[in-house]
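Below is one structure, written out as structure tokens, with a few remarks after it.
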Amino acid sequence: MKTKKRTGKFVIIGIVMLILLGVWAIVRANAPGDLRPDGSTAEKRIEFIRSFGWDVGIAPTSITEIRIPSRFDEAYESYNAIQREQGFDLRRYKACYCYKYTYDIENYAEPSPVPICASLIVCEGKIIGADISSSEADGLVTVLVKK
């Protein structure tokens with residue numbers, strides 16, 4: 001008798017486990033994918049910048065490997081505030097190595113003695129940060145969205 005009761009319990013536990021696994025698979029399949037923009041190719045990066053109304057050349061003016069600091073100082077907190085304003089947040093990438101792709105903007109409205117650039121921070125093929133900036137000390141740093 002004990003064998004039939006045990007077997008019945010194992011069958012019920014097995015069925016419950018299969019149901020839970022099925023529910024998990026359905027939820028996982030319907031969950032939104034990675035929402036970070038694709039920055040894996042030059043074409044994708046340029047397309048992303050151009051989607052905000054900026055004209056840039058077909059090649060970056062520089063590609064630099066950077067490391068997101070493990071501790072943010074006041075300047076980096078300020079920079080991350082710009083990132084958060086446009087839906088990015090570099091805090092989850094602390095201590096990560098990434099690439100910064102910089103492109104000269106060809107249609108910046110105001111004349112500038114130094115080039116105005118669009119920069120993208122790309123980690124594992126995904127765009128995790130972006131900005132518009134000038135190369136001068138204490139110069140322009142703002143969101144990628146065209147104002």
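A quick note: this is a predicted structure, and the numbers were derived from the prediction, not measured.
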Using modelled atom types and a 3.5 Å cut-off, is there a donor and acceptor pairing between side-chain atoms of E85 and backbone atoms of V143? no
Around E65, counting heavy atoms of other residues, nucleotides and ligands shown, do more than 12 lie under 6.0 Å from its CD? yes
Hey, is CD on Q86 packed in by over 12 heavy atoms from elsewhere, all under 6.0 Å? yes
Between D131 and Q83, which heavy-atom pair has the shortest distance, and what is it? CB-NE2, 4.2 Å
Between CZ on residue R84 and OH on residue Y79, distance to nearest 0.5 Å: 14.0 Å
I want to check something: taking the side chain as every heavy atom from C-beta on, are E106 and V56 in contact at a cut-off of under 4.5 Å? no
How far does CD1 of I132 sit from CD1 of I105, to the nearest 0.5 angstrom? 3.5 Å
Report the distance from atom CD1 of I49 to atom CH2 of W54, rounding to the nearest 0.5 Å. 11.0 Å
When you look at OH of Y99, are more than 12 heavy atoms from neighbouring residues, nucleotides or ligands closer to it than 6.0 Å? no
Tell me whether Y97 shares a hydrophobic cluster with I63, the cluster being built from Ile, Leu, Val, Met, Phe, Trp, Tyr side chains joined at under 4.5 Å. no
Is any side-chain heavy atom of T61 closer than 4.5 Å to one of Y103? no
Side chain of S134, backbone of L140: donor and acceptor closer than 3.5 Å? yes
Gap separating the NZ atom of K100 from the OG1 atom of T102, nearest 0.5 angstrom: 5.0 Å
Say whether, by atom type as modelled, one donor and one acceptor occur between the side chain of D104 and the main chain of C117 under 3.5 angstrom. no
Can F48 and L120 be said to form a side-chain contact (heavy atoms from CB on, under 4.5 Å), step by step? CA-CA 9 Å; F48 181 76; L120 301 179; 3.8 Å; yes
If you define the side chain from C-beta out and look only at heavy atoms, does anything of I121 sit under 4.5 Å from I127? no
Would you mind reporting whether L90 and K94 have side-chain heavy atoms less than 4.5 Å apart? no
Under a 3.5 Å distance rule, please check whether N107 uses its side chain to pair with a backbone N or O of G53 as donor and acceptor. yes
If I compare all heavy atoms of P37 with all of F88, which pair ends up nearest, and what's the gap? CD-CE2, 4.0 Å
Starting at CZ of R71, measure out to CD of E77 and round the result to the nearest 0.5 Å. 13.0 Å
Compare all side-chain heavy atoms of R45 with those of V122 and state whether any distance is below 4.5 angstrom. yes
Are any side-chain N or O atoms of S78 and backbone N or O atoms of A75, one a donor and one an acceptor, separated by less than 3.5 Å? no
Less than 4.5 Å apart, side chain to side chain, heavy atoms only: is that true for I68 and Y76? yes
Are any of the side-chain heavy atoms of I128 and C98 separated by less than 4.5 Å? yes
Tell me, do V141 and I82 make a side-chain contact under 4.5 Å, heavy atoms counted? yes
